Amino acid sequence: MEIILFGITKDIVGKSSLNVSDLNQKPRSVGELISSLNAAYPEFTKLSSFAVAVNGEYASQEVDLKENDEIAIIPPVSGG
Amino acid sequence: MEIILFGITKDIVGKSSLNVSDLNQKPRSVGELISSLNAAYPEFTKLSSFAVAVNGEYASQEVDLKENDEIAIIPPVSGG
Amino acid sequence: MNEPIIEIVENIDTAKVYTELSDSKSGGICVFVGTVRDFTNNEPVISLEFEAYKSMAIKEMAKIIDQAAEKWPLNRVVMRHAVGLKKVKEPVVVIGVSSAHREACFEACRYMIDTLKETVPIWKKEMFKDKSVWVSAHP
Amino acid sequence: MNEPIIEIVENIDTAKVYTELSDSKSGGICVFVGTVRDFTNNEPVISLEFEAYKSMAIKEMAKIIDQAAEKWPLNRVVMRHAVGLKKVKEPVVVIGVSSAHREACFEACRYMIDTLKETVPIWKKEMFKDKSVWVSAHP
């Protein structure tokens with residue numbers, strides 16, 4: 001399970017994607033993924049906010065993660 | 001004293017300018033000019049409104065007319 | 001604000017307006033283009049004809065820009081109106097504004113086109129299949 | 001509404017947007033162009049770098065256009081965002097709308113740029129002389 005990183009989260013982790021095996025335990029939901037990231041990378045807790053997208057859609061914390069999902073971390077957007 | 005005509009007022013009078021000698025009496029003010037035009041060309045009274053510009057500025061009825069003024073009739077504008 | 005570009009022209013080139021508005025102090029550019037559409041009051045329009053009292057129109061356009069520049073912090077302004085016969089889809093007016101932030105350019109651009117339609121001595125005749133009408137002339 | 005043009009590109013050509021928005025049913029075209037300005041918070045900016053989550057960004061841009069088309073009667077829409085390094089004065093986003101009357105194109109254009117800045121997964125890094133900062137990343 002790959003997690004795509006953008007913007008400042010890519011800088012924090014130091015690469016453009018993360019494998020769940022890099023985290024302490026495999027997250028079953030978006031909520032668990034957020035907790036795991038905050039634990040593994042304390043810099044994440046200092047961000048204004050960050051969202052998670054599952055298969056290209058913003059996902060709330062209850063959303064379950066499945067093996068083939070495309071998961072992405074969305075730090076505060078600043079386009080335009 | 002020439003009066004420049006635009007838009008529908010040009011169509012009503014049938015030419016693009018009017019000499020005050022075409023009017024019954026020489027108007028001394030914008031207000032008198034409006035009365036003379038309404039009298040000479042009853043179609044003017046059917047317009048939504050019309051304004052008079054003296055030397056390129058909208059002029060109120062009290063404004064006096066002088067021999068070398070550039071006088072123009074401004075029917076309802078519709079640019080843009 | 002830089003010296004504004006105010007023009008009454010035979011033909012409007014919409015492509016060049018960005019070059020004219022481009023500015024290192026501006027984060028936003030807002031441009032309005034008025035174009036000829038093919039219907040008015042459910043009647044097919046063939047073309048529009050614009051007539052201007054050119055010297056006064058330029059003065060009134062300058063006043064509108066001055067008023068907008070007092071209300072909003074603007075960097076560059078272009079206000080260009082066409083005269084003559086314009087076919088469907090052709091541009092008849094272009095108003096463009098650049099400013100540091102987008103609020104100012106949107107609001108100033110809207111203010112300028114709204115006010116232009118009220119005060120600038122330019123007249124539009126709608127040409128239909130079998131008649132032509134000076135817009136707004138009669139109640 | 002015609003099929004909108006939604007793109008994420010390396011370089012934006014502002015000159016072509018009018019051709020794309022030109023429409024016989026439209027009397028008004030409103031275009032917003034976001035450009036790089038030379039100062040942020042009183043610090044000179046050298047350039048901006050934009051990164052996008054392209055597939056999702058396109059989907060979010062389409063949602064914004066759908067929302068706008070529900071609120072206002074629109075004829076054509078262009079929404080184009082740049083990625084990569086952009087120097088001062090370069091365009092980074094273009095949003096254009098054509099509609100029968102000007103109210104709709106102004107309001108829809110404003111709504112679309114405001115919402116794009118809130119929801120579309122695109123990130124901007126400001127490059128200063130001796131540092132670079134991801135915008136809005138930290139409180």
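Model, not experiment: these values are computed from the prediction. Computed from heavy atoms alone, side chains included, the values below leave out hydrogens, waters and symmetry copies.
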When rounded to the nearest 0.5 angstrom, what is the spacing between OH in C:Y18 and NZ in D:K89?
15.5 Å

Could you name the residues of [range] that have a heavy atom within less than 4.5 Å of a heavy atom in chain C?
range                       : result
residues 111-118 of chain D : D:I113, D:D114, D:K117
residues 4-16 of chain D    : D:T14, D:A15
residues 43-71 of chain D   : none

Check: C:R110 and D:R110 side chains under 4.5 Å, non-hydrogen atoms
no

Given that the side chain runs from C-beta out, which part of C:C105 has a heavy atom under 4.5 Å from chain D: side chain, backbone, both or neither?
side chain

Residue D:E90 versus chain C: region with a heavy atom under 4.5 Å:
neither

Quick check: under 4.5 Å, non-hydrogen atoms only, which of residues 21-40 of chain C neighbour chain D?
C:S22, C:D23, C:S24, C:K25, C:S26, C:G27, C:G28, C:I29, C:C30, C:V31, C:F32, C:V33, C:G34, C:T35, C:V36, C:R37, C:D38

